[in-house]
J.: 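Quick one: the structure is below, and I'll ask about it shortly.
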Amino acid sequence: AGQEISWIYCGDKIDPIHEKYIKEWEGKNPGWKVTPEVVGWEQCQDKATTLAAAGTPVGMAYVGSRTLKEFAQNDLIVPVPMTDDEKKSYYPNIVDTVTFNGTQWGVPVAFSTKALYWNKDLFKQAGLDPESPPKTWAEEIADAKAIKEKTGIAGYGLPAKTFDNTMHQFMHWVYTNNGKVIDGDKIVMDSPEVLAALQAYKDITPYSVEGATAYEQNEIRAIFLDGKVGMIQAGSGAAARLKDTKINWGVAPLPLGPSAKGKGTLLITDSLAVFKGTGVEDKAIEFAKFITSPGPQGEYELQGGAGLTPLRPSPKVDEFVKADPSWQPFIDGIAFGGPEPLFTDYKGFQNSMIEMVQSVVTGKAEPADALKKAAGEIDAFK
Amino acid sequence: MGQLFLNRVQKFFGDFEVLKGVQLEVKNGEFVVFVGPSGCGKSTLLRMIAGLDATSAGDIVIDGVRVNDLPPVKRGIAMVFQSYALYPHMSVFENIAFPLRVENMEEEKLKAKVEHAARILHLDQRLQQKPGMLSGGQRQRVAIGRAIVREPKIFLFDEPLSNLDAALRADMRIELAKLHRQLKATMIYVTHDQVEAMTMADRIVVLNAGEIAQTGAPLELYHKPANIFVASFIGNPKMNFLPVTCIGASTAGVEIDYKGQKATIPVAPRQGGAGKELTLGVRPEHIQIGSGDITLTVAPTVIERLGAQTVAYASLDGEGENFCATLPGSAGVRPDQALLAGINVADCHLFDEKGIAFERQVELTDIDMNLLNPTAAA
Amino acid sequence: MGQLFLNRVQKFFGDFEVLKGVQLEVKNGEFVVFVGPSGCGKSTLLRMIAGLDATSAGDIVIDGVRVNDLPPVKRGIAMVFQSYALYPHMSVFENIAFPLRVENMEEEKLKAKVEHAARILHLDQRLQQKPGMLSGGQRQRVAIGRAIVREPKIFLFDEPLSNLDAALRADMRIELAKLHRQLKATMIYVTHDQVEAMTMADRIVVLNAGEIAQTGAPLELYHKPANIFVASFIGNPKMNFLPVTCIGASTAGVEIDYKGQKATIPVAPRQGGAGKELTLGVRPEHIQIGSGDITLTVAPTVIERLGAQTVAYASLDGEGENFCATLPGSAGVRPDQALLAGINVADCHLFDEKGIAFERQVELTDIDMNLLNPTAAA
Amino acid sequence: MKQPHLLINRYKWYEIIGIYAGILVFLTFVLAPFVEGFLVSLKPLSQLFSSPYRFIPENGSFEAYRTMWVSVPGFARYIFNSFFISTVVTSVVLVLVIPAAYAFARFEFKGAGVLLGAFLAVNMFSGAVLLIPLFRLMRSFGLLNTYFAIMVPGIAFLIPSAIWLLRTYMMRIPRELDEAAFVDGASHFYTLRRVILPIAMPGITVVAITTFIGSYAQQFIYALTFNSKTEFAPLPVGLFAYFGRQEVVWNELMAASFVGIAPAMIVIFFLQRYLVSGLTAGAVKQ
Amino acid sequence: MSVQRNAVIFAWILLFPAVLYVTVIVAYPLVDTFILSFTDASLKKTTNWVGWVNYGKIFNSTFAEVIFRTFVWTFFSVSIKMIIGVFGATMLNSAVPGRALFRVLTMPPWVVPMAIGIFMWGWMYNGQFGMISGMLQRLGLASGPVAFLAEGSTAFWATIITDVWIGVPLVTLYMLAAMQAIPQDLYEAAWTDGAGRFYRFRRITLPLIVPSMITMSMLSLIATFNSFDIIWILTRGGPSGETTTMIIDTYRTAIGSNKYGEGAARAVLICIFLSIFCLCYFRVTSRLASGDKR
Ligand SMILES: Nc1ncnc2c1ncn2[C@@H]1O[C@H](COP(=O)(O)OP(=O)(O)OP(=O)(O)O)[C@@H](O)[C@H]1O
Ligand SMILES: Nc1ncnc2c1ncn2[C@@H]1O[C@H](COP(=O)(O)OP(=O)(O)OP(=O)(O)O)[C@@H](O)[C@H]1O
Ligand SMILES: [Mg+2]
Ligand SMILES: [Mg+2]
């Protein structure tokens, strides 16, 4: 009897590489069929959740790893434990993004990190050395100031719209200053490291794109592509786009804060979650592991342009980086990077963080107060 | 069958009592005309009979069945609305055909019927037009057409000819009379046209402020109005009224005094009336120039020459009331030229202080006016 | 000032020519009544004068200014619509006050005016009601009220009294006449009521199928209709027509032969008419029983007793035409009892084969009917 | 142009200018975002965002109008689905709503007000909250992943406002017309069909357009959640196919939007003729 | 009375299909939502009855602010929609050549899937690349980019304008239909009495479309109160929560955080608010509609 694994697949269409490997897997598992349903990015996760909540879960869904904790706690998904070998095959810290209660709840399928892009032309116009990007926050702020004052063009692109990404961007700063939001079950956000990050936000705002709260990262990136901002932090996708422009650009690891221990970044992964109660859980796990195994995954993530960072080190990756050194900073950050903090009510947590950032950026609150307030709020979302 | 009985029918709009207990029996096949001042409740009564307005109290009985709760169609009536109520989206043909379509009449028969009605109503040229393209009179005729193609037990007409010219109106009158004879249907007809009322009615019902003032055959109302209201309402121009004093009564009638002139009015006498203030009524058409049992010298202020008749208006000194006389078309009267108006007692009406008429000793041999002795009225 | 001149005014609705070149001059302060069969174009003409319908051809001139392209308000007219056109959302008061509100009249003066108009129209009790709660006649009075509170140069009334009872209608007639005198405004008035037309008009315009059939003072139309159409349209019941043969003409008039009876009709003679088929017209009210210059033996089939008058209808043998006589209310006629109807030649009208009248030798001393010698007409 | 019969409809030159100016202002507001959208559809993706703002795009082309069909091959199907779904939904809604609106407009009965309010209450809950219970309902009816999954809830949520709109419109039709029909022996139903329906045409047209658009373009969330099959997906869902992995293909998305709304615009164009004035001309003396 | 009873029965027959349909499809979800509002339903498989707790939770410090903002937002949006809609309908109601085309050209904002329309506004509001900011700079009215969504105050109005834009076609269309139903002879009568176009509009058109305006504004009020996509796509309720309305709040709770119980409580609350509001509105306006007191 044929069985079916339904898969909510985010995006506009199924990646040809996935299509190829689905066929391959189906070939190896006669009687089994994988039926991906393509759902737009905005809605795919909600749809998976709704279906699960309504009692007809899909076999497998592409979700942000941050939601795994919530799914797990509510008994919607099954654990997908990794063997030590498997764990080891990934870059450091990646497995953490899917780990909760000591086991893994999803299979990472996509990974992204950020680096600093800078516009060499603007640096030159501002009298800065176009070949030396800022290494620390202090330099970054100073460079931004110089650009703003000398050229009248914004020095830094700070996205602070009410969007997920606003928190992500801030988390990059937290992780480049060795900060932490939650440690185990304890909120540790109200720390000097995080405060410094927030203070830096406040300091760089005057030299940032006017109206930070109106932009999210893609919009900021568009401004950068248009040459109207000196520096942004963005994923690998920006590089591919920059190649189509006339802009002289460089990409470097994210600048570090005073308490940094090394290059850091926020590690965001998306995972394949396997839902409980479908009767095909085991097969789904099997398929999930297959489709994210080094072969298919490597082929998938290194197509370029998609803005993905490789999940696993491999000779192929090294080759790739050699061919295009702009990949290096994205991989460098992984070492001291941190995961998205896992909260039961992740959205609640995120809203508080955004609120905090916005209140500082718009000057409505002092960093210390904002931080204290947010730290208090997010306790409820653990 | 189309026998109708209204039993103490009342109608309130909010607190406003429009009909105050109307009691009326209409025989099958009778032609009853409702007349009354504007706003007295004629349309309302018609609408209640039709079943469009709910009855606040009382019963409406058709052919022995209390129909208060029946919808219009079950009452077997057809109605011409005062406001026409044409279907604006349908051609004249379809408007007239509507009731037949409802009955699912076969196309050919329907067409014949509609075309017949249209011919009667002089609408044959307009059958394909929409109501919006018609003149007022044409619309009204369409509304009539819609009622007459059906053959109901009871027709209700609400001022159906008011927008037609005299010639057409005379035509229509004849057509409706013909229809009445043919179908032997009961017809209830509201009109403001006295000629229509007098010529068409078997019986006229005079309504006044929601009450029946009098019911009777046309000539009965004309010759023997029951009260001042009916006396003044029936007849055009309206009856002249003179204040008189009662000085006595005898079998010959009631003796009165008008400004020193004494006369005996041949009405059924009542006892103990002496000294009372009464009202003498005389119709303009009964005024003759020169002599009479009672005479008045009046100087007409306005002379209306209608061709066939001349109407002279004067105001009686002292009283604001107009005094009016209908004279032959060729009458030699001139404005402000005083003349002697003579009144014969046989033509007079007499009303008591409450406006109730003394019964005239007019020799109406019978209530059936067809047998009326033509010499009875002056 | 309110002088109006219509110069070959035409109106087409699509291909249908409703008005076929109407030529008319109305003097300032004149009271002109339009009559004509239903659908002949009266309302259309009024709407064109008002400036509501476009003129297809010709000029409308008010006080010497061609107003074809001016909006109504610049023409200084007020109009009562045949369809009332009341504002359903406004109380009676506001409906009547509307034109004054437009003028921004101050509240107190406005109130006084509206209340005055309402009193005249017997609407004082209804001022706070909405049109939907009014009877047909009440609505019509509101429409009149709206026109009369303004004081325009020209009033246009489209059958303003058609839904009123005789008494109220007489009242209103007097009020409108009063208004006419007071304001000295020009009034153009459409009616189907012959009495209204005859009494109110300085001049009557008879329209027939979009053309003016005749214009003239009321009595002129009555006594000297220009053609068969006017002769039959004016006067109620309508004129009787008899087919006669011309046998000659002299200064005394035209000699005719009706079924062997020869008579000389006192009309302006025309040459060479001998042997032609003419039409003799005589009004029902000019028929007398017993004798006459020409006599007919007829047996009335229908007798209508209107009280003041009796109308007898007979059909002349051979001809389908009805023959009608208006007799006194007390006339001793009975259905199917043959009688001798006499016609005096002095009362007769004569029409040629095209329907054009021979001018009657009636001594209308002047076109001004006020000076009319009362003995002129039979 | 032929001069209108009615002089009241003739305008002075300054009135004409005023009216056209008014229309211009109004349409500017209404269409401005589409200008922006249209410009986007003409630009190559790489230079979608460039400042300073230029009204006329540099080397714009209609390329996106071609590639949109290629990058989302099912797009024609989505349009068809939307069209089909909307047509069915509109028909059903009209069939249900016309009698109901008539009942509310013409009959006085106990509970009319409450019922009318209850219909409104349906619209007071946002779709998002009702999603899960509705989903369960659809599942128990076995309607998931069919055209019905999209139509059935769509109809339910379009009914209330349709009833309200039509009821208000019908209340303006002179009551005498119904009465005349009843007197002529027509049943209520016959009256509704032959008298009220034609006269209420402008109101019905508005409701039809509203419903059609509502289900053609606006009802997205049910279509998304209750249906997983691409072959049944309507236009709004289909348009999301242009949202790529990282980047939205804006130019094609816009081109597709323009192409997608064209059929609905054509429908409106034909329906708007029924918004004719003077439908009650000559009906009653006012 | 039985004429009445017959009519009532018939009325119910007419209503039955619609009522049945809506009941079958919507009643269950509505009741379910209502029940849910007293539970702690979430992604968890088990739900517990918690009584009024969910309602208690709503009334926190920001709640009053959100409610107030929602009402203000709705008020402005509906009023502007009505004003522009009536204005547009008036223009499109004039007998000028090309009006059929103009009527159709009014419709696109409504025909285009809502999200797309909102994206287009998003671009217009964009400070760097947007049309409005660009035009302002061109015309020298602004010295630099104006990011409309950056400030609470401008974002508030920006979302309102977008909502207005999406709602205007329907209002216009409906008002147009209402205007077309006014008998021509009323205008003619007013015209002969000297009333100019504007006066006729004010004294005849306007009062006669009031019933339609009441209906439309109420439907619009409900839709606007629940208007979600616009704010969500443009600002997500930000910045700093300054465009957060009740429905955004509800969505965040119910869908964002998967707290179905709490979300349901908020939804029920919205319904209660709206019901009360509609009732009052209807009371007030129907009195207003029945009198033309100038
Ligand atoms: N919009 C129109 N389209 C076509 N024909 C029309 C239109 N309006 C009026 N007519 C026709 O023009 C003729 C004259 O109409 P009008 O209303 O002027 O008549 P009328 O003399 O006022 O009649 P009535 O006494 O019945 O009111 C009628 O035959 C009518 O059918
Ligand atoms: N819906 C209503 N609400 C309140 N009063 C009303 C309503 N309908 C009619 N009336 C009043 O009832 C009275 C009788 O109206 P009805 O229409 O029966 O009069 P009518 O005798 O037909 O008068 P007309 O001869 O003027 O047509 C009028 O005074 C009218 O104002
Ligand atoms: Mg009446
Ligand atoms: Mg007319």
Side-chain angles (χ1 to χ4, degrees), chain B residues 13 35-39 42-44 82-83 122 133-138 141 158-159 162-170 192-195 198-199 218-219 222-223 232-238 283 285 304-309 311 326 329-334 369 372 374-378, chain C residues 13 35-39 41-44 82-83 122 133-138 141 158-159 162-170 192-195 198-199 218-219 222-223 232-238 283 285 304-309 311 326 329-333 369 372 374-378:
Chain B
F13 282 118
V35 297
S38 166
K42 304 178 293 296
S43 298
T44 307
Q82 188 168 11
S83 64
H122 304 301
M133 302 163 79
L134 299 182
S135 77
Q138 288 162 345
R141 281 176 274 157
D158 201 349
E159 306 190 24
S162 61
N163 286 115
L164 306 185
D165 57 280
L168 197 51
R169 202 179 289 197
H192 287 310
D193 184 320
Q194 302 248 342
V195 176
M198 298 300 276
T199 57
L219 287 193
Y222 181 80
H223 291 294
S232 76
F233 193 80
I234 299 286
N236 183 27
K238 71 174 214 225
R283 297 203 178 274
E285 52 269 34
E304 286 179 350
R305 291 191 179 272
L306 307 180
Q309 300 176 330
V311 184
T326 308
S330 53
V333 290
R334 298 211 175 167
M369 288 299 147
L372 178 73
T375 54
Chain C
F13 282 119
V35 296
S38 167
K42 304 177 295 295
S43 298
T44 306
Q82 189 168 9
S83 65
H122 305 302
M133 304 163 77
L134 299 182
S135 77
Q138 287 161 346
R141 281 176 275 158
D158 202 350
E159 307 189 23
S162 61
N163 287 114
L164 306 185
D165 57 280
L168 196 52
R169 201 180 289 199
H192 287 309
D193 184 319
Q194 302 248 344
V195 176
M198 298 300 276
T199 57
L219 287 193
Y222 181 80
H223 290 294
S232 75
F233 193 81
I234 299 285
N236 183 25
K238 72 174 214 225
R283 296 199 179 276
E285 54 268 33
E304 286 181 351
R305 293 190 177 272
L306 308 181
Q309 299 175 335
V311 183
T326 308
S330 53
V333 290
M369 288 299 147
L372 178 73
T375 56

J.: Go through the atoms of B/A166 and report whether side chain, backbone, both or neither lie under 4.5 Å from a heavy atom of chain C.
T.: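 For B/A166, heavy atoms of backbone and side chain both lie under 4.5 Å from chain C.
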J.: Given the options B/T199, B/T44, B/V311, B/T326, which has more heavy-atom pairs under 4.5 Å with chain C than any of the others?
T.: B/T199
J.: If we define contacts as heavy-atom pairs under 4.5 Å, which of B/M198, B/E159, B/H192 has the most with chain C?
T.: B/H192
J.: If you measure from OG on B/S43 to CG on C/L134, what distance do you get to the nearest 0.5 Å?
T.: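 Between B/S43 OG and C/L134 CG, I get 11.5 Å after rounding to 0.5 Å.
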J.: Ignoring hydrogens, what is the shortest heavy-atom contact between B/S162 and C/N163? Give both atom names and the distance.
T.: OG-ND2, 3.6 Å
J.: Only pairs of heavy atoms separated by less than 4.5 Å count here; which of B/H122, B/R283, B/E304, B/K42 has the most with chain C?
T.: B/E304
J.: Of all residues at least two apart in sequence or in a different chain, which pass the salt bridge (Lys or Arg N to Asp or Glu O under 4.0 Å) check with B/D193?
T.: B/R169
J.: C/S135: what forms a side-chain contact (heavy atoms from CB on, under 4.5 Å) with it, not counting sequence neighbours?
T.: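 Here the qualifying residues are B/S38, C/Q138.
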